Every structure is written in structure tokens, then in C-alpha cells.
2 protein chains.
Amino acid sequence: MEIELDERKEKILYAIIQNYQETGEPVGSRTISKYLDVKLSPATIRNEMADLEEMGLIVQPHTSAGRIPTDKGYRLYVDRMLSQKQLPSTERDAGFLIRRVDRVEELLMQMAKLLAMNTSYTTMITGPHYRKTKLKFIQLSSMGGGKLLAVVVSEGNIVKNNILDVGEELSQEGILQLNLLLNSNLSGLTIDEITLDIISRMKAEDGEHVEIINKILDAVAESIQGDDKVPIYTSGAPNIFKYPELTGGDRASELISALEEKTPLGRIVLNGEGEDGDKKEIQVYIGDEVPVESMKDCSVVTATYELGSGVQGKIGIIGPKRMDYEKVVEVLQSAMAQMDAVFKEVPK
Amino acid sequence: MEIELDERKEKILYAIIQNYQETGEPVGSRTISKYLDVKLSPATIRNEMADLEEMGLIVQPHTSAGRIPTDKGYRLYVDRMLSQKQLPSTERDAGFLIRRVDRVEELLMQMAKLLAMNTSYTTMITGPHYRKTKLKFIQLSSMGGGKLLAVVVSEGNIVKNNILDVGEELSQEGILQLNLLLNSNLSGLTIDEITLDIISRMKAEDGEHVEIINKILDAVAESIQGDDKVPIYTSGAPNIFKYPELTGGDRASELISALEEKTPLGRIVLNGEGEDGDKKEIQVYIGDEVPVESMKDCSVVTATYELGSGVQGKIGIIGPKRMDYEKVVEVLQSAMAQMDAVFKEVPK
DNA sequence: TGTTAGCACTCGTTTTGTTAGAGTGCTAAT
DNA sequence: ATTAGCACTCTAACAAAACGAGTGCTAACA
């Protein structure tokens, strides 16, 4: 179902959308008349608007109000916009700078904060999931008291700790031996490549510490893929208060709750949809398209970031339907580029 | 300036406070008259109330409304309450259970969530600061590309990672040697005990890697005391929407912002005040006593938790002035006891 | 035939006015 | 010392009225 608009209707539609974005209030024919470069009387505009309304692109909230764009109207606008600017991006990373950080979490939180501040919307960012990341090495140390510290380092210098409770106290040599065993067998593999085959080979090779090897592998699995407890960080939640259409009544409460309760949006939107295939990097959900009940009045723009070598996660910008899609998309593209850069280290 | 009340006045004051806590609305003489066990007519109550008002313990928001407690009134009430129950605590840890966790951050976040849900208020929790914690050991590993991974483990099994950029590539032996040097010199010390003396001794002992040792020590310092960037976690922020007196107008926005912008409350209230000396564990800030502008309508109850061996941080419960102080104090005490328990591991 | 001016009409918002009720303080009686 | 009674005050809630923004339609116009 393709929608075709003559040029004038399109101009009017855009004018309505832009005006509505600025004010957040329904916009009437008189306003448009003054706003357009072409000189048209309010009456003419009204006729055109009636048509646009019939097409389902705009509505009036009540009889004697101006028009506001429908989801469908926005969708059209956004699609045009996206197809127009395609990829003139990636050159504009002068924008803002990220302090060099070593810890991924900090980087993510900084990024979220930055985006929230830059856009005046709310930002949500998921930690990366590592299924495609290669293990670099594992470092075992004894902590005394029958406890073992397993430090798992994977490509991109992602470091995770794990304390595990092995029943017995291991000797220094035993630990060294285990260390060697683990690294020689696992180093360079992704989590998915650690097959039962390899595991049983390792157990055979060692013979003695079968139980412990199991525990260690569990720990590795947990720290590397996080077992779908990928952390999610939010920033700029208070920004929603800038948009009355979101905070009217007790909607504010619901929204803030939905943001604190990160799961739904995080899982469904940010990770969601087919993970496979290289979708287009940037995705826009408008109003009803957002699969979270309490966010039907919002739009969400998501992007996939990559921290080198298949480690990827998602960023989402959450704002009112009248958000500045253009800016958000730009900013997101720039941010993606930067995240890429941070971990693409100068190979000395 | 001691305030003394005859028994009847006190009873009336308490009745007002309790009623106000339940309803959140000003309470009038008639209500109290019915509420009290002793039979007194509204008129009598009114007279007493006039007295209480003169003493600054209650006020009427406007001429023809009931009375509500002032900060001063609350203070009196809370003080009485605290002194009465002193420490009948620590026995009631049946309450709620914490899943055993290895990572401190997770424990803290879980705790915050739990408290928020249990109390219907907002919880803020600071990560611990480690100045008094002893170093257990340091584990260096090479990450290639001139990068070194330093894992710092301190008492209570707190693990921190740090990636550092040493210019050169170190040999496996060099790293082992450094490892040994660091551990033999630093193990068992607190951050404050690492003096210049020790440092120069180490440098002398090694001679070669002076520059690297410096970097490592920086990393240790940073990971161990966090350089006042102790993380702060918040949970239950949306709870404030349950209390109209906090969310009236756009106050909600300010409050939520203040909560997201963790610094002020975090630093001032939670860590703040003389860190020294063993203050009483639980502290209550009422209304104006809260040193954050946007929280003048709130009360904050803070407690200090200890994760064994001098690792301590603070928990704060933030709610309306009419919060259920009694319950909050109880819950906090119980929580503290549990956190203690979690890290007081069975010495096998 | 497309555009525009004019006008009657609609409907939400704001203002103003009215009322009801809760609560007080005071006085006088018990 | 307590209480009943009463006049008074002030707010919250509701209703009515005025306002105004915006529309759709019709008729005139280029």
C-alpha cells in the first residue's frame, strides 16, 4: 500500500509535523499558511488538510482543534527522511568526545548519559552479548577458603570476574596446571564453539579435577554470555517531563516505572526482533509500533553498536512521538562510529 | 532547648502524626477526638492543638484546615521512637532473603530493590569504600599489545579489574616477577598503609620497572578506593508517585532528577557528615534537615552497612516526611544484619 | 477549475460565580 | 477544667458563562 502525495500535500504534511514537533500542540490552517513559503490562504490549506485527514495521515484531537500527525503520518515522514540521508554519516564524529575508559560498563553509562544530554530524550543501553566473541585467556587464582577466582578475558579486552566455590583447597601447582589446561583448550574459541567434545577431551586430559572443570566452565559461560542478564543502563529518564503529552495525568509514573523496570523495553525492543541478519543499523518505532504497553505514546529509535569482533548490543533513544527524528538518527550514527573507534585500538 | 509535653499533649501530637501518616491530609479536632482512647470533645482537643501549634510542633496549612506536623514535630516523634526501641533488632532477620551473590554490585542492587519494594519508598545505596580494607592479592596478566591486566582482590573477596597501558611488551617472566614483588610487599595492607616508604623500597628492589610499578600502584589505588567515584545505585524511584505531596506540580520532575543525578544525595547525605567516629548506625533526616534543595519535602533514613573488615557504605531510604519511620528503621536494621551475614563467611 | 473571502457553527479552555463542608476560635454554660 | 454552640473563614467542587481557536461550507472570483 504505497502512499503517493502530490508535492503540495507533502509540503503541508511536513509543515504540520515540523510545527507540531516544535510546539507539541495541534496546528491549524492559519499557522501553516504563514509557515509555508508558497503563499496559500488558510482556506486552501484546510481543503488539503481535509484530504490528508482522509488519507489517515493526520487527525484532529477534537472538532475545533488543529491537526496532529498520526503514527502513519510520522512513519511516512521518517521513511522519507531515512531514505534521503541514507549514509552521509560517519564523517561527523567531531561531535562529542568520550573519555577513554577501560571498563565496558563505564563506557556504556557514559555513552547513555551523553546521548541523553545531547538529545533531551531518554537513553537506554544494553550491555553487549558476547556469543560471537573469542576467549582470550582465563586466569585462575586461589582465594583461600576453598574459593577460586576465575578472571575471564575475551577479545576486545572485556574482563569478567567470577568467584567459585570448589569444595577442596587446591595446591598452587594444581591451579597452574588447570590454568594451562583451560587456556590451551579454550583460548581463541567463542562461547558457541565450546562443544561437549572439547569439554570431554579436557576432562580426559586432566582426569582429576572433573568436578572443578565443570564449575569453571559454568562460570565462563555465565561471565561471557551473561545468561540473558545483560545489564541495561538508563540515562535521562527525567527528560520525559519536558514533554507534557507524555506526563499528562499519571502517565509519568507509568513511564518512569517502565524505564526503571528495564526488562520489557530492554529485552523486547533493544535485543528483540530477529537477532540474525544484518538489519539496517537504525530502526525507528513509532507509537503503537513500540511493543510495550506503557510506551504507546512514545517513539523509540534503536541502533546496534559493535565493540569490535562481534561483541554487540543495542542503544535506544526514547522520546515523544514528536521527537526530532533527524537529529536522533544523526547523533546515534555518530555515537556508533565512536564506539567502534574506541575499541578499534591502534595496533602497535 | 528541651521540649516537655504533658502526657495528654503528647498523645494528641502522636495521634495527629499517625493520622496524617495514614491519610496524608490535615487532621482536625473531631477526628482526633474519635481516634483517642480517652474521651475528649473536639473543643478540648482544639485548645490543646492551639498550644501545640504555639510550640511549633504542628501547623495548619490554611486557616480552615486541620493540623499537620511540622519538621520539629516529626523530629520529636522520631527521637522518642528511636530511643524507645534502641536495639531490639538483629533478631528479626527471618524477613527476606538475599540470593547468595559473589559480585558486590549485584548484592547492592538486589538489596536496594528489596528495600524499595519492602518499604514502598525509594532506596539509594552507595558502593563501599575500601580505605580500611586489606589487600589480599594482585594478579597481573599480559593482554598483548602492551597492555596489562591487573586484578586486585581485597578482603571480603572484592574483585576489581584494571587494564593498564604499559608502553612496552613484558616477558612472561617479567610479569611473574612483578607479581611476586607486588604481593610480597603489599599483601595484607590497607590502602592507607601503602606509604611512600614501601613504594620506594619496592622500586629499589626491582630497579627495572619503576615506571610500570607506578602505573600499577595508580591502578590499585583507583580500583581500591574508587577515588570518590563510588558507584551509587537507586531503586524504586517511581515509588514517589504514590505520595501526592511529593509529586504535586512539577515537583515530581525535580525529585526524579535529583534521584538520577545521584551525586548530591549520595555524597552529602550518604557518605557525608563526619565519616569518623561510630555515629549511631541509623540516622534520620527530616524535611529541611536534608541537605538537598529539591528534597525539602522528603525525609531520608540512612544506615551504614559493613561488608566485613571495614568495608562500608551507606544505604538511604527516601520517602515523604510522613513515611513510616518505625517500619523503615526496622527494615533497615534487619537489612544491615543480613549484609553483615552474607560476607561473614563460614570459616571452613 | 482552482483559490479565496466570509460566515455560521463547534467545542475545548478559561473565567467567574456559587455552594457545601470542614474546621477553627471564641464565648458562655456546666 | 471541660464542653456545647455559633459565627466566621477558607478551600475544594461544581456550574454557568464568556472566549477563542479552528473548522466546513458556500459563494464569489480569477
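This one's a predicted model, so the numbers in the text were calculated from it and none came from an experiment. Each chain gets a letter, A, B and so on, in the order its sequence line appears, and its residues count up from 1. Hydrogens, waters and symmetry mates are skipped; everything else that's a heavy atom, side chains included, is used.
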Could you run through nucleotides 2-9 of chain D and give me one letter per nucleotide, 5' to 3': B if any protein heavy atom sits under 4.0 Å from the base, S if only the sugar-phosphate is that close, - if neither? SBBB---B

On a heavy-atom basis, the closest approach of A:Ser299 and A:Lys321 is OG-CA, 3.6 Å

With sequence neighbours excluded, residues passing ring pair (Phe, Tyr, Trp, His ring centres under 6.0 Å) with B:Tyr243: B:Tyr121

Protein-nucleotide distance (A:Ile68, atom CD1; D:dG22, atom C1'), rounded to Å: 15 Å

Going from CG on B:Leu82 to OH on B:Tyr325, what distance comes out if it is rounded to the nearest 0.5 angstrom? 10.5 Å

Residue pairs fulfilling side-chain hydrogen bond (donor to acceptor under 3.5 Å, both in side chains) with at least one residue in residues 16-26 of chain A, sequence neighbours excluded: A:Gln18-A:Tyr35

Between B:Pro42 and B:Ser33 the two heavy atoms that sit nearest each other are CD-OG, 3.7 Å

In whole angstrom, give the distance that lies between atom NZ of B:Lys9 and atom C1' of D:dA1. 12 Å

Just to verify, what does A:Asp6 make a side-chain contact (heavy atoms from CB on, under 4.5 Å) with, not counting sequence neighbours? A:Arg8, A:Lys9

Under 4.0 Å between a side-chain N/O of B:Arg67 and OP1 or OP2 of C:dG25, yes or no? yes

Could you work out, with ring pair (Phe, Tyr, Trp, His ring centres under 6.0 Å) as the rule, every residue matching B:Tyr233, not counting sequence neighbours? none

For nucleotides 15-18 of chain C, tabulate all protein N/O to nucleotide N/O atom pairs closer than 3.5 Å, reporting atom names and distance.
none

Whole-Å distance, A:Asp6 CG to C:dG2 C1', equals 13 Å

In whole Å, I'd like the distance from the CD1 atom of B:Ile45 to the P atom of D:dA1. 16 Å

Within this structure, what is the CZ-to-C1' distance between A:Arg30 and D:dG24, rounded to whole angstrom? 16 Å

Working to the nearest 0.5 Å, report the span between CG of A:Asn118 and CD of A:Glu330. 11.5 Å

Atom-to-atom span, NE2 of B:His62 to P of C:dG21 - whole angstrom: 16 Å

Roughly how many Å is it from CE in B:Met49 to C1' in C:dA22, rounded to a whole number? 12 Å

For atom CZ of B:Arg75, is the number of surrounding heavy atoms from other residues, nucleotides or ligands below 6.0 Å larger than 12? yes

Here the distance between atom P of C:dT3 and atom CD1 of A:Ile12, to the nearest Å, is 10 Å

